[in-house]
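Step one of this worksheet: look at the structure below.
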Amino acid sequence: MLINLAYCFTLKLKLMAKHTTLKRGQLLKYIGKRWRNLNISYPFMKFLGYDGNGFADVWVEYQGRLMLLALKEVELVSVAA
């Protein structure tokens, strides 16, 4: 699957390329399939780290819970200047 590298300025989000390295504490937005306890009005979560098995999965904190998600399920929230 090709990743669109264009910036979405109206939403102030950018899609993550494979070379993007996340830093602990960065804000991510969930874009994957909905689950039961997902608060769709606040889909933002904090990046905690990569899974030990490569860069395909990430650990995040969402509403005080630790979760393991696929990297393709999140977008990096860019800071508006």
Side-chain angles (χ1 to χ4, degrees):
M1 178 175 140
L2 295 175
I3 296 176
N4 184 356
L5 297 178
Y7 289 101
C8 303
F9 288 110
T10 56
L11 298 176
K12 294 183 177 80
L13 299 172
K14 66 180 181 179
L15 300 175
M16 287 189 290
K18 287 192 179 235
H19 66 274
T20 301
T21 302
L22 298 172
K23 295 179 183 172
R24 186 177 179 93
Q26 282 186 293
L27 191 62
L28 303 174
K29 179 181 179 186
Y30 183 76
I31 59 169
K33 292 183 181 180
R34 292 179 69 170
W35 72 82
R36 184 176 179 182
N37 294 326
L38 174 67
N39 181 353
I40 197 65
S41 64
Y42 191 77
F44 302 103
M45 48 195 61
K46 184 170 57 170
F47 174 75
L48 298 176
Y50 290 100
D51 188 42
N53 194 15
F55 291 92
D57 298 319
V58 292
W59 287 100
V60 297
E61 180 184 329
Y62 178 68
Q63 296 184 343
R65 294 186 320 208
L66 183 65
M67 301 178 72
L68 179 66
L69 299 173
L71 187 60
K72 65 182 180 181
E73 296 179 312
V74 294
E75 286 182 337
L76 179 61
V77 177
S78 62
V79 178

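Residue numbers count from 1 along this sequence.
Hydrophobic clustering of Ile, Leu, Val, Met, Phe, Trp and Tyr side chains at less than 4.5 Å, counting indirect connections, keeps L68 apart from L22. Cluster annotation: F47 is not connected to W59 through the hydrophobic network of ILVMFWY side chains, with a link wherever side-chain heavy atoms come within less than 4.5 Å.
Applying the salt bridge (charged side-chain N to carboxylate O under 4.0 Å, His left out) rule to E73 yields no partners; only residues at least two apart in sequence or on another chain are considered. For L27, the side-chain contact (heavy atoms from CB on, under 4.5 Å) test picks out F44, V77, with sequence neighbours left out.
Annotation for M45 and L69: closest pair SD-CD1, 3.4 Å, computed over non-hydrogen atoms.
You'll find the side chain of L28 reaches within 4.5 Å of the side chain of L76, heavy atoms only. Contact of the L38 side chain with the Y62 side chain is registered, since non-hydrogen atoms from C-beta on lie closer than 4.5 Å. In this structure the side chain of L48 reaches within 4.5 angstrom of the side chain of R24, judged on heavy atoms.
Listed by first and then second residue, the salt bridge (charged side-chain N to carboxylate O under 4.0 Å, His left out) pairs involving residues 46-69 are K46-E61 (not counting sequence neighbours).
Under the 3.5 Å distance criterion, the side-chain polar atoms of Y30 are matched with a main-chain donor or acceptor of K33.
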